[in-house]
Amino acid sequence: MSSSIHDILPQLAAGAAHTHALGFVYDSVDGDRVRIRVPWREDLVGDPDSGVLSGGLVTTLLDHVGGLAVWVALGKFESIATLDLRVDYMRAARARCDLIAEARCYHLTRSVAFVRAWAFEDSPDDPVAAAQSAYMLSTFRRRGIGSNLAAGGEAAR
Amino acid sequence: MSDLLERLPYARFLGLITATDGQTLTVTMPFDDKLIGNPVLPALHGGSTAALLELTAVAQVAVLYPRLRLPRPINVTVAYLRSGRPMNVHARARISKAGRTVAHVLAEAWQDDETQPIAALTAHFLMAEDDPQL
């Protein structure tokens, strides 16, 4: 099962219209750590005076690589949705440099995946930005609709 | 300063349009196929909505702090409240605390109904980067 998710990671990294337009490329997977890359491009710059990639782009990169880490942790593709995402900007990115993002899903519950991610030019030890995020899974529905709402969620019906 | 986003390449890539009402900015991200992140639903990529919120916050801070060359976020938190449908997104930001070194900003993004936001942002901005004392 896990080999099949690995086969489609390049497609998941760059296959949607937005990620394709941004030029995202799949880089690698190592255990539970996934890497994608965004090659530097003039139209993705956030500060025209410095040529540094936009913070908003970094956020998108970290959000997206986090999703890939969730699929790697699940060992399969399924519908997921980002619940929230916090990004700390540690330093300015280097001008005219590609950025790499690495993510790891460090905990899975039946309905939520918890992820940490980093963006950097060379090494995750020297990050441009770090993210902590949570993703809602859809799998729990297959274990019985509403099973996660047992503590009173049915009251809404 | 309301034309700030027109000078930023990534804001232009997203097609952002800024409207000004007094000191308050409303930024619109017109729908474009290249913003789609989930072709099945279809839904906007959450990252594009997050970037809209972040750039709206940058532009709003720039209006209130004209001495800053370009406001720089320390951190941002985005909560995704609803799926972004394939239509225009609007965003507005409010400075909840304007400190000497740090500003706190709240922003929301919505589509056809401002009372039903699709995403919310909380951010801190560094206000003192041009001050060698800090």
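Every chain is numbered from 1 and lettered A, B, ... according to where its sequence line falls, protein lines coming before strand lines.
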*Show your reasoning for whether salt bridge (Lys or Arg N to Asp or Glu O under 4.0 Å) applies to E114(B) and R92(B).*
CA-CA 10 Å; E114(B) 192 171 348; R92(B) 205 174 288 138; 2.7 Å; yes
Filtered by a 4.5 Å non-hydrogen cutoff, the part of residues 41-54 of chain B contacting chain A is H45(B), G46(B), G47(B), S48(B), A50(B), A51(B), E54(B)
Checking heavy-atom separations under 4.5 Å from chain B, one finds in residues 30-44 of chain A R41(A), E42(A), D43(A), L44(A)
Over all atoms of both residues, closest heavy-atom pair of [X] and [Y]:
X	Y	result
I17(B)	P30(B)	CD1-CG, 3.7 Å
P117(B)	L81(B)	O-CB, 3.6 Å
F77(A)	I5(A)	N-CD1, 3.7 Å
A119(A)	L62(A)	N-CD2, 3.8 Å

Review point. Should the pair R104(A)-E102(A) be classified as a salt bridge under the 4.0 Å nitrogen-to-oxygen rule?
Key: no
In this structure, OG of S133(A) is separated from CG of D84(A) (nearest 0.5 Å) by 7.5 Å
* Asked: Does the ring of Y89(A) carry R72(B) above it, NZ/CZ under 6.0 angstrom from centre and within 45° of its axis?
  -> no
Report task. Check whether any side-chain heavy atom of T19(A) lies under 4.5 Å from a side-chain heavy atom of H64(A), and answer yes or no. Result -> yes
One option among A11(B), P73(B), A123(B), P39(B) has the most heavy-atom pairs under 4.5 Å with chain A, and it is P73(B)
| Counting distance only, does the side-chain N/O of E121(A) pair as donor-acceptor with the main-chain N or O of C97(A) below 3.5 Å? | no
Bottom line for I74(B): the part with an atom under 4.5 Å from chain A's heavy atoms is backbone
